Amino acid sequence: MKVALVNPPWDYRNSIYFGCREPHLALELGYAASLLRAAGHEAMIVDAHLDSLDARAAADAVAGFAPGMTVVTTAPTYLFWRCAPPELRVPRLFLDALGARGGRTVAVGPHGSATPETTLTKLGCDVVVRGECEEIVARLADAESLRAVPAIAYRDSGEAVVTGPPHACRFTDLPALRWPDGWVARHRHHHHRFEAAPDGPGAEVEASRGCPYTCSFCAKIDFRDKYRRRDLMLLLDEVDGLIAQGATYLYFIDEIFLPQKPLLEALVGRDVRFGIQTRIDLWKPDMLDLLGAAGCVSIEAGVESLTEEGRAQLDKNCRASTDELAERLIHARRTVPFVQANLIAVAGDDPNLVAAWRDRLRGHGVWANDPVPLYPYPSSPDYRRLWGEPDGAAWERAHAHYLGQFDRFSDIQEERPLPLAELEAACGCR
């Protein structure tokens, strides 16, 4: 079977989305393509975001391939599944432009993982995949009957059929990804790197998936939840391939980049810089030194609250004190050029304490953001504590709660978001 895998042309105007808006490698589509080809199928990736294609041009490219199945993602790559734009206008506009020219249409992403029936309705697609998608996409290409495929939703005689809970991939043995030279050359963005101008292409890679912690705000219940570590040799094969293509910076999209001495020691001898997201309380000084020696130039560290009570409220399970967290961030900054402490707006945190702590860290070259308000994504414990299991109004409910919670938004958001209904109305996502 011919299968088209599509990253649509993302547009974030008036969205609550506060992730990075630059193009990133669609790793989930890369994995799916590898598994499809290994099973004897023909796969083509259309990355409209990276190639600056509008919805019509992307749809025409897919139609020219004449696929039997077209897969479109509802989030801008695995890196942002946990903080995806809630609205489905972008994939819906692509599917509308494609029409009947793409064979069976399949949506993958966080929306269908949490609310499969709603996603089917809003997108008007044939199938929705629940959870991590690459293995399920490969099974769909082989399946004679949809009922035999786990972790999907589809309509039969007008009724939604859900074949099982969200899927978790094996992940550990996923093959080393290979990207077209032109894509790597065009990928000039160095995600979350601020200490230097890009000196060559950047890229995204994945050393682990999931997280062993259960922080209340983290949207990972329905996907990328259980912690798994990728085979080191496969990972290094992928890293070496990117370096050979000229990549000078890699960003590890791992939910939590835990201390991995063999990986860091292997990176010491490779001519590449990299960035990570992690918890600073899990790193000892000697491992922070090795992290810097390995080429890390950017750390995004989740601190969230500056009080033990606040961190307990968020289920951080953090054993370090606020002073200890500060000391480790400052230690990391001795060898890593950019270190950031992420803060969340937690009820009860003293604004004066936050301001003083931020000033202290800035004095040592560590940046801490203005606390970000929580968005209760349907795949987060916070959502389920507030309202229970997600239903057909889950995304609208979370969105309205977020918009009404704060008088002002964080310093990393560029414009005031619109209500979800307004964002989706123009493309018919109702």
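These numbers were taken from a predicted model, which means no experiment stands behind them.
Sequence neighbours left out, the pairs with a member in residues 124-134 that pass side-chain hydrogen bond (donor to acceptor under 3.5 Å, both in side chains) are Tyr78-Glu134, Thr105-Asp126, Glu132-Arg209, Glu132-Arg228, Glu134-Arg209.
Between Leu140 and Leu146 the shortest side-chain heavy-atom distance falls below 4.5 Å. For the pair Pro8 and Leu93, the minimum side-chain heavy-atom distance is 4.5 Å or more. Counting heavy atoms from C-beta on, the side chains of His364 and Arg333 never come closer than 4.5 Å. Proximity of Arg358 to Asp370: side-chain heavy atoms (C-beta onward) are separated by under 4.5 Å at one or more points. Looking only at side-chain heavy atoms (C-beta outward), Pro76 and His49 stay at 4.5 Å or farther from each other. Taking 4.5 Å as the limit, some side-chain heavy atom of Tyr227 sits within range of a side-chain heavy atom of Leu258. When side chains are defined from C-beta on, Ile280 counts as touching Leu325, because their heavy atoms get closer than 4.5 Å. Residues Pro371 and Val346 form no side-chain contact, since every pair of their non-hydrogen atoms from C-beta on lies 4.5 Å or further apart.
Between Arg328 and Leu288, the closest heavy-atom pair is O-CD1, 3.7 Å. The two residues Arg311 and Cys318 make their nearest non-hydrogen contact at NE-SG, 4.0 Å. Taking all atoms of both residues into account, the shortest heavy-atom contact from Leu420 to Pro86 is CD1-C, 3.9 Å. Shown here for Ala32 and Leu5, the closest heavy-atom pair between the two residues is CB-CD2, 4.2 Å. Annotation for Gly102 and Thr70: closest pair O-OG1, 2.7 Å, computed over non-hydrogen atoms. Closest approach of Pro175 to Ser34, counting heavy atoms only: CG-CB, 3.7 Å.
A donor-acceptor pair under 3.5 Å links the side-chain atoms of Lys220 to the main chain of Cys211, judged by distance alone. The backbone N or O of Leu177 lies less than 3.5 Å from a partner atom in the side chain of Glu238, making a donor-acceptor pair. With hydrogens and angles disregarded, no donor-acceptor distance shorter than 3.5 Å links the side chain of Glu308 to the backbone of Ser321. Between the side chain of Glu28 and the main chain of Cys133, no donor-acceptor pair closer than 3.5 Å is present. In this structure, Asp350 contributes its side chain and Asn352 its backbone to a donor-acceptor pair below 3.5 Å. Of the possible polar contacts, one joining the Thr163 side chain to the Val149 backbone as a donor-acceptor pair under 3.5 Å is found. Checking side-chain atoms of Ser216 against main-chain N and O of Asp382 turns up no donor-acceptor pair under 3.5 Å. For the pair Thr172 (side chain) and Arg230 (backbone), a donor-acceptor distance under 3.5 Å is absent. Judged by distance alone, with hydrogens and angles left aside, the side-chain atoms of Arg37 form no donor-acceptor pair with the main-chain N or O of His41 at under 3.5 Å.
Residues passing the side-chain hydrogen bond (donor to acceptor under 3.5 Å, both in side chains) test with Trp283 are Thr278, sequence neighbours excluded. Here Thr307 pairs with Ser305, Glu309, Asp349, Leu353 under the side chain to side chain contact (heavy atoms under 4.5 Å, CB included) rule; sequence neighbours left out. For Tyr213, there are no side-chain hydrogen bond (donor to acceptor under 3.5 Å, both in side chains) partners, not counting sequence neighbours. Shown here are the ring pair (Phe, Tyr, Trp, His ring centres under 6.0 Å) partners of Tyr375, two or more places apart in sequence or in another chain: Tyr377, His399, Tyr402. Annotation: side chain to side chain contact (heavy atoms under 4.5 Å, CB included) contacts of Asn342 (sequence neighbours excluded): Glu300, Glu304, Gln340, Asn369.
Side-chain atoms of Thr74 and His111 include a donor-acceptor pair closer than 3.5 Å. Checked by atom type, the side-chain pair Trp395/Thr115 shows a donor-acceptor distance below 3.5 Å. Between the side chains of Ser113 and Asp222, no donor-acceptor pair is found at a separation under 3.5 Å. Of the N and O atoms on the side chains of Thr214 and Asp315, not one donor lies less than 3.5 Å from an acceptor on the other residue. Side-chain contact check for Thr121 and Arg155: at least one donor-acceptor pair (N or O, by modelled atom type) lies under 3.5 Å. With no hydrogens or angles considered, a side-chain donor-acceptor pair links Arg334 and His331 at under 3.5 Å. For the residue pair Arg89 / Ser15, no side-chain donor-acceptor distance below 3.5 Å is found, with atom types taken as modelled.
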Item to check | CA sep, side-chain torsions, deciding dist, call: Glu135, Val129, side-chain contact (heavy atoms from CB on, under 4.5 Å) | outcome: CA-CA 10 Å; Glu135 292 176 351; Val129 174; over 6 Å; no
Checklist entry - Passes side-chain contact (heavy atoms from CB on, under 4.5 Å), Val90 versus Tyr12? Steps please. => result CA-CA 9 Å; Val90 171; Tyr12 307 113; over 6 Å; no
Next on the checklist: Let's go through Leu36 and Val137 carefully: what are the C-alpha distance in whole Å and the side-chain angles of both, what is the deciding distance for side-chain contact (heavy atoms from CB on, under 4.5 Å) to 0.1 Å, and is it a yes or a no?
Outcome noted: CA-CA 8 Å; Leu36 286 163; Val137 166; 4.1 Å; yes
Item to check | side-chain contact (heavy atoms from CB on, under 4.5 Å) between Lys122 and Arg92, intermediate numbers included | outcome: CA-CA 8 Å; Lys122 287 187 174 184; Arg92 176 61 190 258; 5.6 Å; no
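With values rounded to the nearest 0.5 angstrom, Asn7 atom CG is found 10.0 Å from Leu25 atom CG. In this structure, Ile253 CD1 and Ser208 OG are separated by 9.0 Å, a value rounded to the nearest 0.5 Å. Distance check, rounded to the nearest 0.5 Å: CG of Leu88 to CG of Leu423 gives 11.0 Å. Atom CZ of residue Phe274 and atom OH of residue Tyr249 lie 9.5 Å apart, to the nearest 0.5 angstrom. Here Arg193 contributes atom CZ and Leu250 contributes atom CG; the two are 10.5 Å apart, rounded to the nearest 0.5 Å. Expressed to the nearest 0.5 Å, how far CG of Leu27 lies from OG1 of Thr77 amounts to 6.5 Å.
A distance of 6.0 Å or more separates the ring centres of Tyr383 and His401. The aromatic ring centres of Phe80 and His191 sit less than 6.0 Å apart.
Annotation: Arg319, atom CZ; neighbour count of heavy atoms from other residues, nucleotides and ligands within 6.0 Å does not exceed 12.
At a threshold of 4.0 Å, the pair Asp281-Lys316 does not count as salt-bridged, since none of the basic side-chain nitrogens sits closer than that to a carboxylate oxygen. For the pair Asp323 and Arg360, the salt-bridge criterion is met [side-chain N within less than 4.0 Å of a carboxylate O]. Ionic pairing of Arg56 and Asp54 is not present here: no N-O contact between side-chain nitrogen and carboxylate oxygen is shorter than 4.0 angstrom. With respect to the salt-bridge test (charged N to carboxylate O, under 4.0 angstrom), the residues Asp142 and Arg139 do not qualify.
Using bins of under 30°, 30° to 60° and over 60° for the plane-to-plane angle, the ring pair Trp81/Phe223 lands in the perpendicular bin.
Results of the side-chain hydrogen bond (donor to acceptor under 3.5 Å, both in side chains) test with Glu204 over His187, His24, His189 single out His187 as the only residue that passes.
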